[in-house]
Structures are given as structure tokens and as C-alpha cells.
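The structure appears right after this line, and notes come after that.
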2 protein chains.
Amino acid sequence: MARSVEFNEEQAIQKAMEVFWEKGYNSASLRDLTDAMKINSSSLYNTIGDKQELFVRCVQHYTDLRKQDIQKRLKSSDSPFTILVDYIHDAVDVIIKGNGCMAVKMAFEVANADQRVKDILKADSDYAYQFLHDLIKNAMDRGEIATKEDPELLADYFNSTWTGWYESYILHHDAGKIRKMAQYFIKQLSK
Amino acid sequence: MARSVEFNEEQAIQKAMEVFWEKGYNSASLRDLTDAMKINSSSLYNTIGDKQELFVRCVQHYTDLRKQDIQKRLKSSDSPFTILVDYIHDAVDVIIKGNGCMAVKMAFEVANADQRVKDILKADSDYAYQFLHDLIKNAMDRGEIATKEDPELLADYFNSTWTGWYESYILHHDAGKIRKMAQYFIKQLSK
DNA sequence: TTATTTCTGAAACGTTTGTTTTAAAAAAGC
DNA sequence: GCTTTTTTAAAACAAACGTTTCAGAAATAA
């Protein structure tokens, strides 16, 4: 009957996500966003909705990518402990590269003011928790990890620990610091 | 010669700080701020300066309060380990009370975009680091802490760890989780 | 081709933003 | 009490904000 949407929605969301990621929700203007997305604001409002709706979609997109990353790791034939250590090292690399984690940033900037965003971030956190928990438990059963601590606790502990590494890197830009803390965390697990 | 300033500047800064703390830098409007400070914007611009300047003063004020808190703790006659454990428990209480830490929030929202703020937050982080480092070192010398880890590493580690507890509480509102992680951290130190 | 529908681009919308101006009120020194 | 200086309150400021309107272009189906 009529014309169909011209722009690629997923690509546009990806671009908007990058803007929000860098600037945060409040200081990313609609001009910043539509410029990056290369669409007119009328197209945005016709298809996706307003700024809040766009933001929710971006946060969802970000956590979808994280979920895919975890699912890929789960397909690996490496031992649970190896998968865990790789995951930690990759988390360190993300921090040191300077992008940091969008989910962490938004948890502090907007989660308290937007329930939908909080729910998405909570689900993301729960998913990462489950991933870590299962890995730690399996590694214990195989004897790769010697600690007698609850896997529940250890999973929570790492899930929150690396947020602090991110803050440390923002303030001090000291990659060595982050690497040493990661190394210490792994050592605590092993013994 | 002439009239003197009518409002109490420190009280006004305190009020502005509370607004920034709750809303963040970008979503706190000048109306929000001057309403809380109970002054007219012309008075603000005549004495303190623009929004950025006010914000810097608020962040500085916040870190001054933290410094005073640490100095009070240092005057205690308790053992280093006791001071350390009390500090950790109080950090947990701050998180659970729901205010969280303004320094952490602002590190994620504005530190990358404002060098002056970043410098203040870095100095604050360095001060807390030194406090923790000295306590840990003294506790080791007295045999209150058994671990052989570097006090430098442990101080960094805690300084960043509790940031993650804060994020965890934002997303999950689970006080038990935070208490267990703190308990685990203390146990790791002790043995 | 024509009719119909929907998308697009540019402009305009009313608000809200941070900031400045203006005129009057208030304090201090002579 | 008068003069001088500075603070104050209220209003006004331009710029930027998120959002909507509107006319025309584009695509589909008949």
C-alpha cells in the first residue's frame, strides 16, 4: 500500500547507543542522536518513539550484546575455570581500552529515576550472575577451584567487584592497578 | 562601605550538594538549585559563579566531609584492624541507607568530561587509599591481619570493591547481599 | 497511471535551560 | 542623614531542548 521505512533500525539503535554510552542520557541531545543515527527526528518519532523510548531500546540492545557474548563463551570446550579467567581478563581489557561498561554508567546515572531501565539492568546483572555462579560451581566440582566459599557469594562478589575497577580506571588511568586486582581476585578463587 | 552578603555560603553549598547528589549534574537545573539554596540566581552568580563552579564547590565540599570523617577515625584509640572493620561496616550502612556515595556517582557521570572534578575525586580516592593502606600495614605489623598480600594492593582493592556494592544495591536493593560481601572481604583480610 | 498511504526533511513549536540585566533595597563610612 | 557601594529580587535574555507539524517525495497496490 505505501512506503516502508528507509533506514536500518538496528544500525540506528547501535549508533544512538554509542552516543548515550559516551555522553550519558541527560547530556546526549536529540540533535546528537539523530546526527549519529543519520535520520530526521520525525522519522525517529514515527518509528521508535521519544528520547526515553530510544534510550530504553539502546540499553536493551547493549544488554542483548552482553548476553550473546556470554552465550558464545558457554559454547567453548575449555574448562569452567579457564572460561572464568578469560572472562575476567576480557573484562579488564574492556576497562583498559577506555570504553568501560555502559550498564554500569547508566546504573549510576539513571537507574534510580527510570524503573524500566533499572529492570533491564537488573536482568542483565542476574544473567551475568548465573553465568558466573555456574562456572564457579562447575569449577569447584572439578577441583579447579579450591576455596570452600559459596558459589553464590563469589558470583555476586565478582559481579560487583569489576564495577569498582572501572571507577578506578576513570580516576587513575592506571592499567597496572586493574591487572593486579584481577590477578588477586583470581588467586583468591584458586586457593 | 557597603552591604555584605546575606546568605550563609556554606549552608547554601550544602543544600546545592544535596540536589546534585540526588539528581546528578545534568538533570539538576539552576531552578532546582537556587530553590534549595533559597537564594536568587543573581546572588549565586555574584558570589559563587556559574553552574559548573557551583558544582565543583559542591564536590569539593563533599570530599572535605569525607576527609574529616577519616581524620576523626584516625584519632580513635582502637586497634587498626578495628578501625578498618568499623570503616567497612559504616560504608555498608551508607549504601544500605540508600544515599550511596556522591563521589562514585559523579565519577561515572562527569569525571570524563570535567578535569577539575576528576582531579578532586582523584585526590579523594588517594586520601582514602592512604588511610586504608596505613591501617592495613599497621594491622599486619601488629599481627591482626594474617594475609601476606601487599597493603598497597589490598588498599586499592577495597577502595574499588565497595563501589560495586553500591551498584549492586541500586539494582537489587538487597542489603543481605552487601553485608555478606563485606563479611567475605573482612574474612579474606583476616586469614 | 492513478489512488492511497506512509515516510522524510525542514521548519516551527512551546518550554526549559543557564545566564544577565535592571532597578530598588540595604548596609557601611563619612 | 547623605553618599557610596553592593546585594537582592524579579524580569528578561538568547540559546538549546524535546517534540510536532506540514508539505512534498516515495513507494505500494489496484
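Computed from a predicted model, the values in this text were never measured in an experiment.
Under the ring-ring contact (aromatic ring centres under 6.0 Å, His included) criterion, B:H133 pairs with B:Y129, sequence neighbours left out. Residues satisfying the ring-ring contact (aromatic ring centres under 6.0 Å, His included) criterion with A:Y25, sequence neighbours excluded, are A:F20, A:F55. For B:H173, the ring-ring contact (aromatic ring centres under 6.0 Å, His included) test picks out B:Y169, with sequence neighbours left out. With sequence neighbours left out, the side chain to side chain donor-acceptor pair (under 3.5 Å) criterion links A:D141 to no other residue. Partners of A:D50 according to the salt bridge (Lys or Arg N to Asp or Glu O under 4.0 Å) rule, which considers only residues two or more places apart in sequence or in another chain, do not exist here. Among residues two or more places apart in sequence or in another chain, the salt bridge (Lys or Arg N to Asp or Glu O under 4.0 Å) test is passed with B:K23 by B:D32. By the salt bridge (Lys or Arg N to Asp or Glu O under 4.0 Å) test, A:E152 pairs with no residue at all, sequence neighbours left out. Partners of B:Y166 under the ring-ring contact (aromatic ring centres under 6.0 Å, His included) rule, at least two apart in sequence or in another chain, are A:F108.
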Taking only nitrogen or oxygen atoms into account, show me every contact under 3.5 Å that the protein makes with nucleotides 14-16 of chain C, one pair per line with its distance.
none

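Contacts between residues 33-47 of chain A and DNA chain D, defined by a heavy-atom separation under 4.0 Å, are made by A:S41, A:S42, A:Y45. Within residues 21-28 of chain B, no residue has a heavy atom under 4.0 Å from DNA chain D.
Within the structure, side-chain hydrogen bond (donor to acceptor under 3.5 Å, both in side chains) contacts touching residues 101-117 of chain B (residues at least two apart or in different chains) are B:N26-B:E109, B:E53-B:R116, B:Q115-B:D119.
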